[in-house]
Amino acid sequence: MEFLKSGIKTVLGGTEPGQQPSAAETVEKLVDRVYSSTLLEDRRDACRALKALSRKYRIEVGAQGMPPLVQVLQNDGQDAEIISYALDTLCNVVTSEEFDEEADNPTVSVNVGEQFTEMFIKTPEHVTLVMGYLDEYDFRVRRAAIQLITSLISNKTRELQDLILVSPMGVSKLMDLLTDSREVIRNDVLLLLIELTKGNSNIQKIVAFENAFDRLFEIVREEGCSDGGIVVEDCLILLLNLLKNNSSNQQFFKEGSYIQRLAPMFEISQDAEEVGWSPQKVSNFHCLLQVVRALVTPSNQQQVVAACQRVMQKSRLLHALCEILMSSGVPADILTETINAVAEVVRGDRDNQDELGRVMAPSSPPRPAIVVLLMSMINEKQLLALRCAVLYCFECFLYRNADGQRAVVQTLLPSSASDVSALSTGQLLCTGLFSTDALANWFSAVALMHSLVENVALKEELLRVLLATPGGQRPITLLEQCTNLMQQERYRLQSKVGLLMLLSLWLAHCPGAVKALLETQGTMAYLTAQLCSNEHDEREFLVQGMCAFLMGLCIQFNDNSLPGQKREDISQLIIKRIGQESFCSKLAEVSRHEAYSRACKQAQIRAKSAGELLLDFEYCKLYKGLEALIAKLVSGFDVDGIELTELTLSSEASALVSQYKGIIRGMDAQIQALQQSSKELEQENAELKEKLGEEQSVKAQLLDQNTLLKAQLGASTGQVQSAQGAESTTANGEELNAARYQANMYFAENIRLTKELETLRQRMSAEKQRADAAQESLAATQKDQEDLLELLADQEAKLTRYEEVGSTSALPTSNVAPSIPAAGEESPIPSDTTSR
């Protein structure tokens, strides 16, 4: 530090005794020295002093020193040392990092580096100037330029990305630095590219097509793959940036056979359990798994996902992931991420799902991997993230997998219980469903729900599942048991939410399940009581909304086979006990809950705490598709349970509606006729165009032949004039006559075809005029129809007002004839419409 002070004193000169200059004065003198000194050594010493002061007096140096430092970069490029000082000083000024020297300085704000970055990039040429020093091979200059650009990008990412994109060969310069033999430079460039490629698809594409994948895999291989250091992690983070949400790079990665180069990195050595997993290896492996998931996440384009899934199965990458699943000694967070990766690799791909179904755990006796995973899911001692990952994996295993869904339901049916001692998926799900752990109840209900998604036949099959009861009483169905548990007070709210989701998806599009639910004792009374209660807790509102949705499903998919439980009866119950408005309001509570917005975003289950697990993606999808239909259905019944239709209108209103409907039907018929005529005209027009093309082709051929014959005729005439013998003259004359005759025939044919072509053109023009007229008539008819529809809506509104006025009047109005409009009043039906 004394050396530093002496150096500054040398640059500034001595001060009078008892006078200590302030930091601002010192910086001002140094800046003046950089501006005014003619000797390079003086400017270099001043820049060195500014660099030393920039860590403690960043604001003073940044406010006064930025313009002279930029001037140094512009004018002193031949001296590497002063350039490195200037770049380092600018880097210290704009960095977001807080230095130890300025910790006790109250004037330094948190975002001071961002403010200086904004000042620096206000002139775009400054960034181009710094980019130019990337070509300088000197270690100090090149590294300082890289670090300065990295700091600028960290503070103003979007602005720097745009400036680098327009900089000449900007991205290419950065990619060339990855081949620098000095590892420090290469590693700093990796950090720069990580910042540069965040959220910018254009830069991501340029970097990928600059051979980035090959260079990154080469660096990872040199550093030891997953067992390597932090450089491997940086490479994988950059790889993840290039692939995430970028379908072009994903396709390029798949077609370049880079997935095959990923597979060997997941192989775990035999002594891994004894050696253990270092923190760096855990980080590297986590990044590797995220790279795999970036290729097959459900939010990607479906064709890209399917292609990557096939390649992962053929390259045995899926096999390697399954081996990690069944390995011992794997850290919990790596195991969780591996389960999520396997889930997305098999989602919707039958071959991959079958391969996962064949994986056996190395246990005694051997069990399928799916069974072992479900055992972890219903075990309350396991981590929440791991249990969520297992449920997600099970959902993906059943996604569009009818055979897998059938296998789960078959394990619950009585005929499949051949080996009681063997654990099955169905037994585990029932165990979790009836467990005392609320989270196990929720997980099992959601898992069982996914075995029924888009499979009505299995919903009917699941109605046959019988459960034994204590005391030797008659067995009860699974549906009865679920409704009984739902009605118990001790059953927690999270468990009830799980059962309501299971029952809702079970009843949707399955009249048999609706009938079975309506036959269970007390179910409708419980649902009605829930909707009539005035609970003010947010979660109770959610349960009430789900009960309303379940009740609406009993109306929508009711086959009216149960007396007293028909659609009209349930609607009457809602109207008299709950109220239509109250029912629709509580039905909408589900979509207003924050759990609904979380679950709708993605199929994967994410939760920081167990209390956040409420709604599932498939349930939200079902609710979104049927909520409006149920609300409209319930609102369509009156207090007498009669469905409101046009039959309930008055005779005058019905006659007027029928009249308008007749007019609209006539308009529709006219529109259809015009559309048919337009199609015929278009077809005829296309045929005429095709015939015209053929005629033009024939005409061109005839013209070519005519030209050839004229040439032959000229040659023959020359031969006749040069012939000397009488016999030769006679033969040439015959050939000349024949050629002339043939040419006359071609001329006549050409004239005929020309006339026919002109006729066809006239016909085509006439047909085009007819088509245009038909199109105009169609447009006019459609406009008239729209006017009629608007008039009909207006008349219906008037009828409604008349009925309201009539109902409040004391005089009976049922036999009063419709009034004739006065002379100045507007007729309900326009005269031009009637005449039409």
Side-chain angles (χ1 to χ4, degrees), residues 1-16 19-102 104-109 111-130 132-133 136 140-141 144-145 147-149 151-152 155-156:
M1 193 67 185
E2 292 298 327
F3 172 76
L4 179 62
K5 290 179 179 179
S6 63
I8 295 176
K9 188 179 295 185
T10 302
V11 175
L12 299 177
T15 58
E16 297 182 7
Q19 292 184 356
Q20 186 68 26
S22 63
E25 293 173 348
T26 305
V27 171
E28 185 178 358
K29 290 182 179 180
L30 291 172
V31 167
D32 184 62
R33 184 68 57 86
V34 174
Y35 269 132
S36 60
S37 295
T38 56
L39 294 177
L40 179 62
E41 289 77 7
D42 291 343
R43 294 199 301 274
R44 185 190 303 135
D45 292 339
C47 288
R48 184 190 300 115
L50 285 174
K51 174 187 173 183
L53 292 173
S54 62
R55 295 176 67 90
K56 187 173 183 179
Y57 304 106
R58 189 202 304 212
I59 294 179
E60 291 80 359
V61 174
Q64 302 182 55
M66 194 173 289
L69 292 173
V70 172
Q71 180 179 315
V72 168
L73 295 179
Q74 292 172 340
N75 301 330
D76 296 326
Q78 72 280 2
D79 187 77
E81 187 174 359
I82 191 173
I83 294 299
S84 66
Y85 291 149
L87 292 172
D88 285 334
T89 306
L90 288 171
C91 187
N92 291 340
V93 168
V94 302
T95 185
S96 57
E97 178 186 355
E98 184 178 351
F99 300 115
D100 296 335
E101 293 87 340
E102 61 183 3
D104 56 348
N105 190 351
T107 61
V108 179
S109 61
N111 59 345
V112 62
E114 184 176 338
Q115 294 174 2
F116 281 126
T117 300
E118 192 171 350
M119 292 171 55
F120 185 78
I121 67 174
K122 192 174 290 184
T123 306
E125 290 77 12
H126 293 172
V127 179
T128 307
L129 183 63
V130 177
Y133 283 104
E136 186 68 39
R140 295 170 300 174
V141 175
Q147 290 177 337
L148 176 56
I149 295 172
S151 298
L152 293 173
N155 293 330
K156 292 290 182 180

*asked:* Applying the side chain to side chain contact (heavy atoms under 4.5 Å, CB included) criterion to Ser54, which one of Val61, Ile59, Val27 satisfies it?
replied: Val61
*Are any non-hydrogen side-chain atoms of Val93 and Leu69 less than 4.5 angstrom apart?*
no
*asked:* Could you walk me through whether Gln71 and Val34 satisfy the side chain to side chain contact (heavy atoms under 4.5 Å, CB included) test, starting with their C-alpha distance in whole Å, then the side-chain angles of each, then the deciding distance to 0.1 Å, before giving a yes or no?
replied: CA-CA 9 Å; Gln71 180 179 315; Val34 174; 5.9 Å; no
*asked:* Please find the pair of heavy atoms, one from Ala145 and one from Tyr133, that lie closest to each other, and give the distance.
replied: CB-CB, 4.3 Å
*Exercise: identify the closest heavy-atom pair between Leu90 and Phe120*: CD1-CE1, 3.9 Å
_Run the side-chain contact (heavy atoms from CB on, under 4.5 Å) test against Ser84 and tell me which residues pass, sequence neighbours left out._
Arg140, Val141
_pair Val70-His126: side-chain heavy atoms closer than 4.5 Å_ = yes
*Locate the shortest heavy-atom distance separating Met66 from Gly62; write the atom from each residue and the value.*
CB-O, 3.6 Å
*What's the shortest heavy-atom distance between Asp32 and Ser36, and which atoms?*
O-OG, 2.6 Å
*Please list, chain by chain and in numerical order, all residues satisfying side-chain hydrogen bond (donor to acceptor under 3.5 Å, both in side chains) with Lys51, sequence neighbours excluded.*
Asp88
*Working to the nearest 0.5 Å, report the span between CG of Asn92 and CD of Gln147.*
9.0 Å
*Provide the full list of salt bridge (charged side-chain N to carboxylate O under 4.0 Å, His left out) pairs with a residue in residues 69-78, sequence neighbours left out, each pair given once.*
Arg43-Asp76
*asked:* Taking Asp45 first and then Arg48, would you say they form a salt bridge - that is, a charged N and a carboxylate O separated by under 4.0 Å?
replied: yes
*In Å and rounded to the nearest 0.5 Å, what is the CG to CZ distance from Leu53 to Arg55?*
12.0 Å
*Check ring pair (Phe, Tyr, Trp, His ring centres under 6.0 Å) between Tyr85 and all other residues, then give those that pass, not counting sequence neighbours.*
none
*Partner set under salt bridge (Lys or Arg N to Asp or Glu O under 4.0 Å) for Glu28, not counting sequence neighbours*: none
*Stepwise, does the side chain to side chain contact (heavy atoms under 4.5 Å, CB included) test hold for Leu87 with Ile83?*
CA-CA 6 Å; Leu87 292 172; Ile83 294 299; 3.9 Å; yes
*asked:* Going by side-chain hydrogen bond (donor to acceptor under 3.5 Å, both in side chains), name the residues that satisfy it together with Thr95, two or more places apart in sequence or in a different chain.
replied: none
*asked:* Which residues pass the side-chain contact (heavy atoms from CB on, under 4.5 Å) test with Ala63, not counting sequence neighbours?
replied: none
_Between CD on residue Glu60 and CG on residue Leu30, distance to nearest 0.5 Å_ = 12.0 Å
*Got a second to check how far Cys91's SG is from Glu97's CD, nearest 0.5 Å?*
9.0 Å
*Search all heavy atoms of Leu50 against all heavy atoms of Thr89 and return the closest pair with its distance.*
O-CG2, 4.0 Å
*Give the minimum heavy-atom separation between Cys47 and Val72, together with the two atoms involved.*
SG-CG2, 4.0 Å
*asked:* Enumerate the salt bridge (charged side-chain N to carboxylate O under 4.0 Å, His left out) contacts for residues 116-125, please, sequence neighbours excluded, ordered by first and then second residue.
replied: Glu118-Lys156
